[in-house]
Amino acid sequence: MTDVQLIAGNWKMNGLNSAIAELDAMIAAPTSPAAGLLVCPPATLLAAFAERAKGSAVGIGAQDCHWEVSGAHTGDLSAEMLADAGATHIIVGHSERRADHGETDAIVRRKAEAVARAGLTAILCIGETLEQRDAGQTLEVIARQLEGSVPAIDRLVIAYEPVWAIGTGRTPTVEQVAEVHAAIAARMGGVQILYGGSVKPSNAAELLAVPHVGGALVGGASLKAADFLGIAAATALAGAQTAGAS
Ligand code: PEP
């Protein structure tokens, strides 16, 4: 696994052309060598953001793709189109897509295969609902999602995002994060694993210091450069904490 933690921002359905000012601030800021920054804006901004970020330390990704290369799929975008627009990564299987668009593990798997086919890196999201956690089914759900949605591809990042922590301000304890990340690492050996769910500058250092946490997938706090950079700065702190603990 790489030592560089990936701090990926998922802008969801947020951002107009004027938001390029936030990207500019992210590009201009000195970032820790311990952090790789990725911004996944809505598809309408992808090409402009990629053009702006060219040659900088900030990568640009997409939030979803169709599994086919082209064809009669009104409103959809293929991984190849997103690569052509400048994306280096594509998020697949986000819980909002699983819930809002009925995406099953089988569909997520096909999408991740499409990302690899286009030569990009898939950020594949998994995570349990609160009901599943309360029923003691978290590790079982995670295992089922990994089994059903992860294809054998090289360029893969897994994002563990407990559904109940997304956009709620609630985060799992570090012990809960450690348990799930260790379980994923045990099954997926060597794959970079992000934590996602209400990450902000104030909690990033402790979450990023958890063993097997290789970065963060950030929603709300990625929209403002100051917050996103605050999270990225915590990668160095996380490293220092880990080093201090050993
Ligand atoms: C997400 O949508 O992937 C996410 C983690 O959102 P938030 O950081 O807002 O909880």
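In what follows, residues are counted from 1 in the order of the sequence shown.
Although no hydrogens or angles enter the test, the distance criterion places no donor-acceptor pair under 3.5 Å between the side chain of W11 and the main chain of V39. Judged by distance alone, the side chain of R98 and the main-chain N or O of E103 form no donor-acceptor pair under 3.5 Å. A donor-acceptor pair is defined here as one N or O able to donate and one able to accept, closer than 3.5 Å; such a pair exists between the side chain of Q132 and the backbone of T129. At least one donor-acceptor pair under 3.5 Å links the side chain of R155 to the backbone N or O of G119. Listed for the Q63 side chain is no donor-acceptor partner under 3.5 Å among the backbone atoms of N10. Listed for the Q5 side chain is no donor-acceptor partner under 3.5 Å among the backbone atoms of G36. Remark: the backbone N or O of K200 is paired with a side-chain donor or acceptor of N203 at under 3.5 angstrom. A side-chain donor-acceptor contact under 3.5 Å links S198 to the backbone of A165. Q192 places no side-chain N or O within donor-acceptor distance of the main-chain N or O of V157, the cut-off being under 3.5 Å.
Contact check for E80 versus R117: side-chain heavy atoms found under the 4.5 Å cut-off. Looking at heavy atoms from C-beta onward, L207 lies out of side-chain contact with V213 at the 4.5 angstrom threshold. Side-chain atoms of L156 and M188, non-hydrogen and from C-beta on, do get closer than 4.5 Å to each other. You'll find the side chain of R97 stays beyond 4.5 Å of the side chain of I91, heavy atoms only. Looking only at side-chain heavy atoms (C-beta outward), L46 and P41 come within less than 4.5 Å of each other. Between V180 and R133, the closest side-chain pair of non-hydrogen atoms falls below 4.5 Å.
Salt-bridge annotation for R110 and E113: absent, with no side-chain N of the basic residue lying under 4.0 Å from a carboxylate O of the acidic one. With salt bridges taken as basic N to acidic carboxylate O contacts below 4.0 Å, one links K111 and D64.
A chain of hydrophobic side-chain contacts below 4.5 Å, direct or via other Ile, Leu, Val, Met, Phe, Trp or Tyr residues, connects L82 to L45. Linking Ile, Leu, Val, Met, Phe, Trp and Tyr whenever their side-chain heavy atoms come within less than 4.5 Å leaves V150 and L194 in two separate clusters. By the criterion of side-chain heavy atoms lying less than 4.5 angstrom apart, applied directly or through intervening Ile, Leu, Val, Met, Phe, Trp or Tyr residues, I126 is grouped together with V108 in one hydrophobic cluster. If you chain together hydrophobic residues whose side chains sit under 4.5 Å apart, I60 and I123 never meet in one group. Under a hydrophobic clustering in which Ile, Leu, Val, Met, Phe, Trp and Tyr are joined whenever their side-chain heavy atoms come within less than 4.5 Å, directly or via other members, V141 and V163 fall into different clusters.
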Tell me, with the steps shown, if H94 and I166 meet side-chain contact (heavy atoms from CB on, under 4.5 Å). CA-CA 10 Å; H94 191 283; I166 295 178; 4.2 Å; yes

Go through the steps to decide whether T88 and T121 satisfy the test side-chain contact (heavy atoms from CB on, under 4.5 Å), and finish with yes or no. CA-CA 6 Å; T88 56; T121 300; over 6 Å; no

Given H66 and M81, is the side-chain contact (heavy atoms from CB on, under 4.5 Å) satisfied, shown in steps? CA-CA 10 Å; H66 196 278; M81 289 169 166; over 6 Å; no

Give the intermediate values and the outcome of salt bridge (charged side-chain N to carboxylate O under 4.0 Å, His left out) for residues R144 and E147. CA-CA 5 Å; R144 195 166 62 231; E147 182 69 29; over 6 Å; no

Could you check L139 against E179 for side-chain contact (heavy atoms from CB on, under 4.5 Å), going step by step and ending with a plain yes or no? CA-CA 9 Å; L139 295 184; E179 181 187 35; 3.8 Å; yes

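Interatomic distance, SG of C125 versus CD of E96, reported as 9.5 Å (0.5 Å rounding). Distance CZ/R187 to CD1/I142: 10.5 Å, rounded to 0.5 Å. To the nearest 0.5 Å, atom OG of residue S95 and atom CD of residue Q145 are 9.5 Å apart. Here CZ of R109 is found 10.0 Å from CG of L124. Values are rounded to the nearest 0.5 Å. Taken to the nearest 0.5 Å, the OG atom of S202 stands 8.5 Å off from the CD1 atom of I231.
Among all heavy-atom pairs drawn from V92 and A112, the shortest one is CG2-CB, 4.1 Å. Across every non-hydrogen atom of A53 and I27, the tightest pair is CA-CD1, 3.7 Å. In terms of heavy atoms, A232 sits closest to A35 at O-CB, 3.9 Å. Residues I153 and A116 approach most closely at CG2-CB, 3.5 Å, considering heavy atoms. Nearest approach of V199 to A204, heavy atoms of both residues: CG1-CB, 4.1 Å. The two atoms that bring I7 and F228 nearest to each other are O-CZ, 3.3 Å, heavy atoms only.
Below 30°, between 30° and 60°, or above 60°: for H181 and Y195 the angle between ring planes is between 30° and 60°, a tilted geometry.
Within 6.0 Å of atom CG in D100, more than 12 heavy atoms from other residues, nucleotides or ligands are found, so the atom counts as buried in its surroundings.
Pairs of residues two or more places apart, or lying in two chains, that qualify as salt bridge (Lys or Arg N to Asp or Glu O under 4.0 Å) and include a residue from residues 213-228 are E22-K224.
E68 meets the salt bridge (Lys or Arg N to Asp or Glu O under 4.0 Å) test with no other residue; sequence neighbours excluded.
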